[in-house]
Each structure stands twice: as C-alpha cells, then as structure tokens.
Amino acid sequence: TNLTFKYLIVIIFLGDKMKHKKLIIFCFLLLIIYLIYMTFHNDKINYLAIGDSLSLGVNAYNEEGYGYSDYLASYLKENNKLNNYSKDFAFAGFRIADLQHQLDMNQILTRQNKTLSFKKCLREADLVTISIGGNDLLTEINMSTSDIYIIDEKKLLDIFSKKMKELDNLLKSIRKYNNGKIILLGYYNPYEYTDIVPDRVFAYFDEEMKKVTTKYDIEFVSIYRVFKNNNDYLPNPTNIHPSNEGYKAIYLEIMKQLKK
C-alpha cells in the first residue's frame, strides 16, 4: 500500500541520517515479512463436524436434514468467515469406539472426486464440533432392560462411567491432531416426553464431561436444559433425533460458547 511505502521511505531516511545500515536492513526485512504475511494470511475458518447422527443432522424422521453444524456453517459463510466446511466424517449410529477407530485407521473418503483424509482434515480444522457417546448409552440401556420405561439409575451411571474412560482416551487422541478450537456437545434427554430419566442424571453427565474436556483444553456445551419442556425440539416420540428447531437450539448454544 502507499502508506506502507511511505513508512519504508521514512525508515530509510532516518537510517541514512543516523548511518545505521543494520537498522535499515532489519526494518526492511520486517516490512517484507509483514507484507508476505498479509498477502497469504487467511482469517477464514476451516470447520469440521464429526461424530454421530447429530453432527450429520439426522432429523426426527431418520432423514439427513439441516443440522446444528449446517446452521453454524451458514452463519460463518454469511459473515464471510468460512473457508471450508465438512461433515463427511460424521455417521449415524457412531459410538465412541467407532470415532476412535476412524481416527486410528485414518479413514479415507472420496467426495466430489477429492480424496479426504480424516487426520489431514482434523489437522487443518480451525474449529471442530463433536457429538458422540449418546449411542453408547442408548445401546447399553436397551441391552440392560427389557422395558425402556424402567431404567435402573445406578446401572445407567455405571455405564456412563465406563464410557467416560473411552471418551477421555478419544479426546486425548483428537487433541493430538488439532490445535484449534474443539467443542464437545453434551447429551439431551431423548425420553423428554417421559420421566424415566431424572434431571439430576443429566446434570451429573454435564459435570463429568466438563472434567474430561478441561483436561484437554476442549470446550463443552450443555444442551439438556435447552431440550427440557420443549416438545417442538423432539416432535416424534418414536425417534430420538431433534427437529430443525431443535438443531437450531443446539447451534445457538454453540454460538453462546463461541462468543465468550
């Protein structure tokens, strides 16, 4: 810019006056480095959503729809902050062990004639959102009871404790490949229309998950209170997935965290 060259002229003039050739060279090099940085530096965000069906955006009727990650990507794009967005590595039914395996094996996908490596995408991401673990709990619950309306609270907490050890290892592994902002979503009550799982259980889930995320400088977003008494967010009693309104509510909670 013209202003930049004016500064350069002033620096050379002062240097000549003081006959400090080293100072002139040093300032000139700094200016060149600054110009190169400003030319190639990109403030836009590479956003990666990984994990289970929530990150994929599966709706209340088991169709891939518009999820929280799509809302977030749209916001970034509308504000000219988005460089790249992908939810290609999110899969319905994924459990903690599946995501761990996906990372360990470095899953390779082909999308639009492009080869995507999970580890490479993870390394390049400035923002990563993760939804994982809900399927683990639901699977274990279904296996441990013949009546979903009768859930042993102690058994549920024991299952959760075991899964938190797996989650700890997973987040530790993910953090090794990413130095950016990582956000883990909490769990909502998929049986909100019943009273079979009390609020204190989800409050406990939040507390324990926060402890794990803090260890690895990962941010945690609680969502169970948002879904409480909001039937519009879970419109299908036979399906655990949110409506578009439910996904938008999750997105808004993420935005609150990002703006802190």
Side-chain angles (χ1 to χ4, degrees), residues 47-56 67-69 72 87 89-91 93-107 118-119 121-123 125-141 144 151 153-190 197-228 240 242 249-251 253-260:
Y47 170 37
L48 180 67
I50 60 177
D52 56 30
S53 53
L54 293 189
S55 290
L56 186 60
Y68 77 81
S69 60
L72 181 52
K87 60 177 181 178
F89 291 97
F91 293 92
F94 246 35
R95 294 185 285 181
I96 295 171
D98 296 317
L99 185 50
Q100 183 72 63
H101 180 65
Q102 183 184 48
L103 179 59
D104 292 341
M105 70 177 286
N106 189 25
Q107 184 179 25
F118 186 48
K119 288 182 179 179
C121 290
L122 197 55
R123 286 193 189 98
D126 304 293
L127 172 63
V128 180
T129 56
I130 309 170
S131 170
I132 199 72
N135 289 314
D136 295 73
L137 294 177
L138 290 170
T139 300
E140 294 284 350
I141 289 170
S144 65
I151 295 178
E153 186 174 328
K154 183 181 182 303
K155 188 175 289 186
L156 177 59
L157 295 179
D158 287 342
I159 293 169
F160 175 78
S161 179
K162 181 176 69 173
K163 292 302 172 182
M164 282 305 97
K165 292 176 183 178
E166 293 181 23
L167 182 66
D168 189 303
N169 290 330
L170 173 65
L171 296 183
K172 182 179 180 181
S173 299
I174 289 173
R175 180 48 91 190
K176 286 180 182 178
Y177 290 95
N178 184 273
N179 295 319
K181 184 182 289 291
I182 301 176
I183 294 176
L184 176 71
L185 295 180
Y187 306 138
Y188 60 86
N189 186 355
V197 183
D199 284 353
R200 63 177 175 273
V201 171
F202 287 91
Y204 175 76
F205 287 173
D206 276 6
E207 289 175 11
E208 295 303 304
M209 292 176 80
K210 283 179 186 177
K211 291 177 184 177
V212 176
T213 55
T214 300
K215 288 172 63 176
Y216 305 110
D217 191 27
I218 291 173
E219 298 178 25
F220 176 75
V221 171
S222 172
I223 58 175
Y224 91 86
R225 289 185 180 86
V226 175
F227 276 74
K228 186 168 178 59
I240 63 171
I250 295 174
Y251 148 72
E253 292 304 302
I254 293 173
M255 286 303 301
K256 288 179 186 177
Q257 183 67 36
L258 289 174
K259 290 179 178 179
K260 284 185 178 179

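Note that these values count all heavy atoms, side chains included, but never hydrogens, waters or copies made by symmetry.
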- Message: Let's go through Thr213 and Leu171 carefully: what are the C-alpha distance in whole Å and the side-chain angles of both, what is the deciding distance for side-chain contact (heavy atoms from CB on, under 4.5 Å) to 0.1 Å, and is it a yes or a no?
- Response: CA-CA 7 Å; Thr213 55; Leu171 296 183; 4.1 Å; yes

- Verify side-chain contact (heavy atoms from CB on, under 4.5 Å) between Arg225 and Asp206, making sure each step is shown before the conclusion. CA-CA 11 Å; Arg225 289 185 180 86; Asp206 276 6; 4.2 Å; yes

- Task: Could you give me the CA-CA distance, side-chain angles and deciding distance for Phe91 and Gln107, then say whether side-chain contact (heavy atoms from CB on, under 4.5 Å) is met?
- Result: CA-CA 12 Å; Phe91 293 92; Gln107 184 179 25; 3.8 Å; yes

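For the atom pair CD (Glu253) and CG (Leu258), the distance works out to 11.5 Å, reported to the nearest 0.5 Å. Considering CZ of Arg200 and CD of Glu207, their distance stands at 13.0 Å, rounded to 0.5 Å. Phe94 CZ to Gln100 CD: the interatomic distance, rounded to the nearest 0.5 Å, is 11.5 Å. Summarising the geometry, atom OG belonging to Ser131 is positioned 12.5 Å from atom NZ belonging to Lys87; distances are rounded to the nearest 0.5 Å. One finds the CG atom of Asp126 at 11.5 Å from the CD1 atom of Ile182 (value rounded to the nearest 0.5 Å). Here Ser69 contributes atom OG and Ile50 contributes atom CD1; the two are 11.5 Å apart, rounded to the nearest 0.5 Å.
Ile254 and Leu72 get closest at one heavy-atom pair: CG2-CD2, 4.0 Å. Heavy-atom minimum distance, Ala125 versus Leu48: CB-CB, 4.0 Å. Residues Tyr177 and Lys119 share a closest heavy-atom pair of OH-NZ, 3.2 Å. Of all the heavy atoms in Gly93 and Asp98, the pair that sits closest is O-OD2, 3.9 Å. When all heavy atoms of Ala249 and Val226 are compared, the pair lying nearest together is CB-CG1, 3.6 Å. Scanning both residues, Ser55 and Ile130, for their nearest heavy atoms gives OG-C, 4.3 Å.
Scanning for ring-ring contact (aromatic ring centres under 6.0 Å, His included) contacts around Phe220 gives an empty result, with sequence neighbours left out.
Under a cut-off of 6.0 angstrom, the local environment of CG in Asn179 is sparse, with at most 12 non-hydrogen atoms contributed by other residues, nucleotides or ligands.
Under the 4.5 Å side-chain criterion, counting only non-hydrogen atoms from C-beta, Met209 is in contact with Phe160. Side-chain contact between Glu208 and Leu167 is absent, with no heavy-atom pair separated by less than 4.5 Å. Between Tyr187 and Leu54, the closest side-chain pair of non-hydrogen atoms is not below 4.5 Å.
Put simply, the side chain of Asn178 gets close to the backbone of Leu122: a donor and an acceptor are under 3.5 Å apart. Of the possible polar contacts, none joining the Ser161 side chain to the Leu157 backbone as a donor-acceptor pair under 3.5 Å is found.
For the pairing with Asp136, the salt bridge (Lys or Arg N to Asp or Glu O under 4.0 Å) check across Arg95, Lys162, Lys163 returns one residue only, Lys163.
Between Thr129 and Tyr68, the side chains place a donor N or O and an acceptor N or O closer than 3.5 Å (distance only, hydrogens not considered). Donor-acceptor pairing under 3.5 Å is recorded for the side chains of Tyr216 and Asp168.
Using the six-membered ring where Trp is involved, Phe227 and Tyr188 have ring planes that are parallel, under 30° apart on the 30 and 60° scheme. Ring geometry, Phe205 versus Phe202: the interplanar angle exceeds 60°, so the pair is classed perpendicular (tilted spans 30 to 60°).
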